[in-house]
Amino acid sequence: INAEYGILDLFSLINNISCPEKIFQMTGDSDEPTIKEGYLMKQGGGTFSSDWRRRWFVLKGFRLYYYKDLKDKQPAGMINIVQADISIVREKKKVGGKDFCFQLVTKERTYYCWANTSADMDDWINTLIDTKNKFDSDPSAREEKVLSLIHISEPTRPY
């Protein structure tokens, strides 16, 4: 916060907090259009869970939500693709020898996803990278998106 002007530097805030995806989780983005959705297999992220589970994925804005089922209202999780490195899994040992796997690597975790076909995997990767690049390459879109994601309430005065 800049005390002289009372301005919150949102980009510094996002870049300097330990878990930037929490900012992106604070508000919903139901007004965002769905960019891509569909079923993928996702490897469990728990210490004792390396099972592959079918999940419904929805890309809205710069967030990739995954649901246990298509009918679920609440996501089981969310990946901020702005903070993720997205690539094909080259070491098949990491994914039990499966083909058509890609990964989203964040500071906190690596998410492994398994598509049904090479074309489906390529489409997911290209869509995720294209969406991420829009954020990275357009400063005005980045600023507008950050401002829309963070709701700053007016200070209240005690009476």
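Please read all numbers here as calculations on a predicted model, not as lab measurements.
- The CD1 atom of I88 lies 6.0 Å from the CG atom of D122; values are rounded to the nearest 0.5 Å.
- Here CG of N116 is found 9.0 Å from CZ of F100. Values are rounded to the nearest 0.5 Å.
- Residues R109 and G44 share a closest heavy-atom pair of NH2-C, 4.0 Å.
- Within the 4.5 Å cutoff, the side chain of Y65 has heavy atoms near those of the K60 side chain.
- The pair R55-D69 does not meet the salt-bridge criterion, since no charged nitrogen lies less than 4.0 angstrom from a carboxylate oxygen.
- The side-chain contact (heavy atoms from CB on, under 4.5 Å) test with L104 is passed by exactly one of I81, N80, D85: I81.
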Begin from the C-alpha positions of L64 and Y111 and carry the test side-chain contact (heavy atoms from CB on, under 4.5 Å) through to its verdict. CA-CA 11 Å; L64 180 62; Y111 296 86; over 6 Å; no

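- The shortest non-hydrogen separation linking V82 to F135 is CG1-CE2, 3.2 Å.
- Heavy-atom minimum distance, W114 versus K98: CZ3-CE, 3.1 Å.
- Within the structure, the salt bridge (charged side-chain N to carboxylate O under 4.0 Å, His left out) test picks out no pair touching residues 71-80 (sequence neighbours left out).
- In this structure, NZ in K94 is found 12.0 Å from SG in C101, a value given to the nearest 0.5 Å.
- For the atom pair CD1 (I125) and CG (D130), the distance works out to 11.5 Å, reported to the nearest 0.5 Å.
- For the atom pair Y112 OH and K42 NZ, the distance stands at 12.0 Å (nearest 0.5 Å).
- Here R63 contributes atom CZ and I35 contributes atom CD1; the two are 11.0 Å apart, rounded to the nearest 0.5 Å.
- The shortest distance between side-chain heavy atoms of K36 and W124 falls below 4.5 Å.
- The side chain to side chain donor-acceptor pair (under 3.5 Å) search around D120 returns none, not counting sequence neighbours.
- F102 and V105 fall into different hydrophobic clusters, where Ile, Leu, Val, Met, Phe, Trp and Tyr are joined by side-chain heavy atoms under 4.5 Å apart, directly or via other members.
- What you find for Y39 and R54 is that their closest heavy atoms are CD1-NH2, 3.1 Å.
- Closest non-hydrogen pair, Y66 versus M78, comes out as CE2-N, 3.9 Å.
- Side-chain contact between L128 and F62: absent, with no pair of heavy atoms (C-beta onward) separated by less than 4.5 Å.
- Closest approach of L40 and C113 over heavy atoms only: CD1-CB, 4.2 Å.
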